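Beneath this line is the structure, given in structure tokens, with notes to follow.
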Amino acid sequence: MAARKGSKSAVAKAAAKKVARNPVKTAGRKGASTARNAPPRSAPYEQGKWAAAFRPRAAGERRYWLVKSEPEAFSFDDLLAAKDRTTCWDGVRNTAARNFLRDGMKRGDQVFFYHSMAEPSGVVGVCEVVREGYPDHTAFDKAHQYHDAGTVPETPTWFMVDVRAVRALPRLVPLAEIKAEKALAQMALVRVGRLSVVPVTPEEWERVLAMSARTP
DNA sequence: GCCAACGTTGGC
DNA sequence: GCCAACGTTGGC
């Protein structure tokens with residue numbers, strides 16, 4: 001079973017709209033999607049806002065990330081229950097997030113699993129990158145919820161990684177607590193709320209782990 | 001290249 | 001349901 005990430009209802013809604021109300025858009029999207037393919041896989045990101053996430057690594061350096069999923073669509077428990085506790089992270093349709101998936105995340109990187117649109121929203125578990133960026137096949141599937149008419153397998157626009165669950169946190173760390181924590185004020189999660197894949201610094205990683213290990 | 005209209009994310 | 005933030009689109 002393919003896991004469905006991102007915002008299920010919103011994506012479904014968007015897909016429905018795309019098909020129902022604007023068939024002309026399909027023609028227009030081809031060109032747009034070529035543009036969306038840039039920058040290429042080996043592009044230098046030094047100028048970008050997220051430069052640190054793409055900088056060359058020291059030997060053996062491990063990086064940290066956070067991915068969001070609506071638990072109603074795919075929860076951390078769903079990941080624990082999945083075959084090999086592993087899933088492909090499909091359905092991401094945002095270029096910044098795509099760049100992290102395609103170029104930033106490397107095997108062995110540690111990833112927070114975050115529940116969005118939840119009661120409460122927060123970090124629930126740890127997983128690990130077990131397969132690096134490869135094309136998100138759901139984009140090519142006409143019947144799929146995440147279909148993107150503007151992209152073809154020869155020049156894929158959307159990418160995903162595979163992640164495997166490592167462990168659930170001792171307790172969920174709610175977004176409200178993260179926001180209240182001075183040391184976490186710079187977290188990408190807090191600063192750029194709508195991104196569904198974001199980098200986490202080693203310091204932020206440790207802090208969130210520490211918060212999960214104690215009662216507030 | 002500018003920018004207005006529009007769409008999406010996701011908290012509240 | 002509302003709305004802030006911001007990405008995308010497309011006209012010019």
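If you're wondering where the values come from, they're calculated on a predicted model, not measured in any experiment. To find a chain, count down the sequence lines: A is the first, B the second, and so on, and within it residues start at 1.
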Among dG7(C), dG10(B), dG11(B), find the nucleotide with the atom closest to the side chain of S121(A).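 Comparing dG7(C), dG10(B), dG11(B) against the side chain of S121(A), the answer is dG11(B).
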Output the single nucleotide from dG11(B), dT8(C), dA5(C) whose closest atom is nearest the side chain of R194(A). dA5(C)
Between the two end axes of the helix from dG1(B)-dC12(C) to dC12(B)-dG1(C), each built from 5 base pairs, what angle do you get to the nearest 10°? 10°
Between [X] and [N], is there a contact of a side-chain N or O with OP1 or OP2 at under 4.0 Å?
X       : N       : value
K68(A)  : dG10(B) : yes
Y114(A) : dT9(B)  : no
T95(A)  : dT8(C)  : yes

Check R85(A) with D78(A), please: is the shortest side-chain N to carboxylate O separation under 4.0 Å?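 Salt bridge: no.
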Let me check something: do M105(A) and W50(A) share a hydrophobic cluster, defined by ILVMFWY side-chain heavy atoms less than 4.5 Å apart, either directly or through other members? yes
Between S212(A) and R207(A), do the side chains contain an N or O donor and an N or O acceptor separated by less than 3.5 Å? no
Between the main-chain N or O of H147(A) and the side-chain N or O of K142(A), is there a donor-acceptor pair closer than 3.5 Å?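 No, K142(A) side chain to H147(A) backbone: no donor-acceptor pair under 3.5 Å.
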Selection residues 193-216 of chain A - residue pairs positive for ring-ring contact (aromatic ring centres under 6.0 Å, His included), sequence neighbours left out: Y64(A)-W205(A), F112(A)-W205(A)
Could you work out, with side-chain contact (heavy atoms from CB on, under 4.5 Å) as the rule, every residue matching D162(A), not counting sequence neighbours?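 side-chain contact (heavy atoms from CB on, under 4.5 Å) list for D162(A), sorted by chain: T86(A), C88(A), V130(A), R131(A), Y134(A).
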